[in-house]
There are 2 protein chains.
Amino acid sequence: MLSKSCVYALRAIVYVGHNGSENHKIGIKEIGEELDLPVHFLSKILQLLVKHNILQSTKGPHGGFYINEASGKIKLIRIIEIIDGLSFFHKCGLGMHECSDSHPCPLHDDFIVFREGLNKIFSTKAINDLVKKVEDGNAFVRNLNTKN
Amino acid sequence: MLSKSCVYALRAIVYVGHNGSENHKIGIKEIGEELDLPVHFLSKILQLLVKHNILQSTKGPHGGFYINEASGKIKLIRIIEIIDGLSFFHKCGLGMHECSDSHPCPLHDDFIVFREGLNKIFSTKAINDLVKKVEDGNAFVRNLNTKN
DNA sequence: ATATAAAAAGACCTAAATATCTTTTAATAT
DNA sequence: ATATTAAAAGATATTTAGGTCTTTTTATAT
């Protein structure tokens with residue numbers, strides 16, 4: 001559904017939101033190690049988010065990534081939009097061009113419920129909501145690792 | 001979500017179910033042209049379905065593809081299983097290995113609703129159900145084309 | 001039996017996603 | 001100002017999905 005790039009981005013940004021702050025920036029190496037993600041690849045993805053001001057960074061000693069007040073409020077859909085685009089949320093489940101409510105493919109009525117539902121989740125939830133979940137222990141407590 | 005291979009397969013099999021029968025088999029060329037799909041690529045995919053007895057075929061003059069009684073009753077999930085595998089329906093939305101109800105990722109509770117919902121749709125609907133939809137005109141009437 | 005038609009099979013090609021490695025730029029502390 | 005540190009940027013490699021082309025096999029009609 002979401003590309004690897006996209007879920008890497010989401011996990012990384014939540015990790016940064018959870019563990020970092022403006023005066024405790026998180027290095028790409030730490031993120032990569034803790035989340036068990038390919039560092040250089042991840043680096044490209046975060047670069048893109050920084051460019052779009054979804055994520056903040058500074059270079060040099062004690063540099064790294066962090067998220068500011070505004071970034072925490074950004075909805076997940078925005079990150080998806082930047083990395084994967086929004087085509088999934090408009091596309092027919094059977095890949096037909098002209099599929100729509102008035103001209104539906106044989107799967108349309110069932111599929112659209114799912115597609116719209118997902119859209120709503122991603123359009124509603126902000127980065128901070130995920131960070132909060134992590135902090136509440138509803139989700140992985142220590143980190144967003146793949147392993148433990 | 002579903003790979004191109006997989007939606008090509010679904011559309012092709014519905015086309016065959018709709019337009020063909022044991023004594024009016026449908027050639028790969030017709031399928032490719034009508035559905036605007038790459039013929040040779042599609043050919044591979046259908047081969048696989050034939051091998052799994054989801055679809056029937058015969059070679060030679062007046063040969064082609066058709067589906068028998070039993071095949072029409074096969075659930076969509078089976079086709080998905082053969083072509084894409086079922087990992088999507090077990091995988092965490094954020095790509096974490098150990099995500100589960102008791103150990104959820106920060107997106108789990110919301111995501112699982114739709115993952116399960118989709119699973120149910122595909123596990124419930126059979127090929128014939130889609131063919132029926134096409135015949136009822138609820139879906140594209142003439143064919144499953146990408147264009148008209 | 002033979003020609004023919006159509007799927008099966010095999011080899012190969014292309015593009016996109018994913019991943020790695022190297023060099024450059026820019027903050028910071030000394 | 002200089003050295004150091006860490007992100008940005010660039011170049012390149014690998015893998016997977018998607019697609020094409022050619023040859024082989026097999027069923028049918030003559």
Side-chain angles (χ1 to χ4, degrees), chain A residues 1-13 15-16 20 22-33 35-67 80 82-85 87-88 95 146, chain B residues 1-13 15-16 20 22-33 35-67 80 82-85 87-88 95 146:
Chain A
M1 223 270 299
L2 302 178
S3 69
K4 283 196 178 187
S5 296
C6 197
V7 304
Y8 290 0
L10 291 171
R11 281 161 66 189
I13 204 168
Y15 181 85
V16 169
E22 180 138 15
N23 46 356
H24 176 61
K25 292 154 194 164
I26 312 286
I28 187 75
K29 232 158 74 183
E30 176 183 337
I31 306 174
E33 272 164 25
L35 305 188
D36 196 29
L37 300 178
V39 192
H40 292 102
F41 184 48
L42 184 61
S43 159
K44 298 280 178 205
I45 301 166
L46 298 194
Q47 250 180 64
L48 189 63
L49 294 182
V50 168
K51 205 171 291 171
H52 282 86
N53 203 35
I54 304 298
L55 182 66
Q56 286 67 50
S57 75
T58 57
K59 297 178 172 183
H62 302 114
F65 297 91
Y66 64 100
I67 62 172
I80 295 171
I82 289 168
I83 295 176
D84 287 349
S87 67
F88 173 81
T146 333
Chain B
M1 223 272 300
L2 302 178
S3 69
K4 285 197 178 187
S5 296
C6 198
V7 305
Y8 290 179
L10 290 172
R11 281 161 68 189
I13 204 168
Y15 181 86
V16 169
E22 179 139 14
N23 45 356
H24 176 60
K25 291 154 194 165
I26 313 287
I28 187 74
K29 232 158 73 182
E30 176 183 336
I31 307 174
E33 270 162 29
L35 306 188
D36 195 28
L37 301 178
V39 192
H40 291 103
F41 185 46
L42 184 61
S43 157
K44 299 281 176 201
I45 300 165
L46 298 194
Q47 250 180 64
L48 188 63
L49 295 182
V50 168
K51 205 172 291 174
H52 282 86
N53 203 35
I54 305 298
L55 183 66
Q56 285 68 50
S57 76
T58 58
K59 297 179 174 183
H62 304 112
F65 297 91
Y66 63 100
I67 61 173
I80 296 171
I82 289 167
I83 295 176
D84 287 348
S87 69
F88 173 82
T146 332

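Note that the structure is predicted; figures quoted are calculated from it, not measured. Note on naming: letters A, B, ... go to the chains in the order of the sequence lines (proteins, then strands), and numbering restarts at 1 for each one. Values below: every heavy atom of this structure, side chains too, minus hydrogens, waters and symmetry copies.
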The test is side chain to side chain contact (heavy atoms under 4.5 Å, CB included); show your working for A:Gln56 and A:Val50 and say whether it passes. CA-CA 6 Å; A:Gln56 286 67 50; A:Val50 168; over 6 Å; no

Working for side chain to side chain contact (heavy atoms under 4.5 Å, CB included), residues B:Ile31 and B:Leu46 = CA-CA 11 Å; B:Ile31 307 174; B:Leu46 298 194; 4.0 Å; yes

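For A:Phe41 and D:dT12, the CZ to C1' distance is 15 Å, given to the nearest whole Å. With rounding to whole Å, B:Ile83 atom CD1 is found 13 Å from D:dG18 atom C1'. Here D:dG18 presents its P atom at 11 Å from CG of B:Leu2, a figure rounded to the nearest Å. Atom CE of B:Met1 and atom P of D:dA17 are 16 Å apart (whole Å). For the pair B:Leu42 CG and C:dA8 C1', the computed distance is 14 Å after rounding to whole Å. When the C1' atom of D:dA17 is taken as reference, atom NZ of A:Lys4 falls 13 Å away, rounded to whole Å. Rounded to an integer number of Å, the gap from A:Ile45 CD1 to C:dT20 P is 12 Å. Separating the CG atom of B:Leu48 from the P atom of C:dG10 is a distance of 14 Å, rounded to the nearest angstrom.
Annotation: side chain of B:Phe88 is in contact with side chain of A:Met1 (closest heavy-atom distance under 4.5 Å). A:Leu48 has its side chain out of reach of A:Ile54: every pair of non-hydrogen atoms, C-beta onward, lies at least 4.5 Å apart.
Considering NZ of A:Lys25 and CD of A:Glu30, their distance stands at 14.0 Å, rounded to 0.5 Å. One finds the NE2 atom of B:His40 at 9.5 Å from the NZ atom of B:Lys29 (value rounded to the nearest 0.5 Å). The CD1 atom of B:Ile45 sits 12.0 Å away from the CD1 atom of B:Ile13 when rounded to the nearest 0.5 Å.
The two residues B:Phe41 and B:Ser5 make their nearest non-hydrogen contact at CZ-OG, 3.4 Å.
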For DNA chain C, the expected dot-bracket line (Watson-Crick or G-U under 3.5 Å, [ ] crossing, | inter-strand) is ||||||||||||||||||||||||||||||

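Using a 4.0 Å cut-off, no side-chain N or O of B:Tyr8 falls inside it from OP1 or OP2 of D:dG18.
Side-chain atoms of B:Asp84 do not come within 3.5 Å of backbone N or O of B:Leu2 as any donor-acceptor pair.
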Per-nt protein contacts along nucleotides 4-10 of chain D (heavy atom under 4.0 Å; B base, S backbone sugar-phosphate only, - none) come out as BBBBBBB

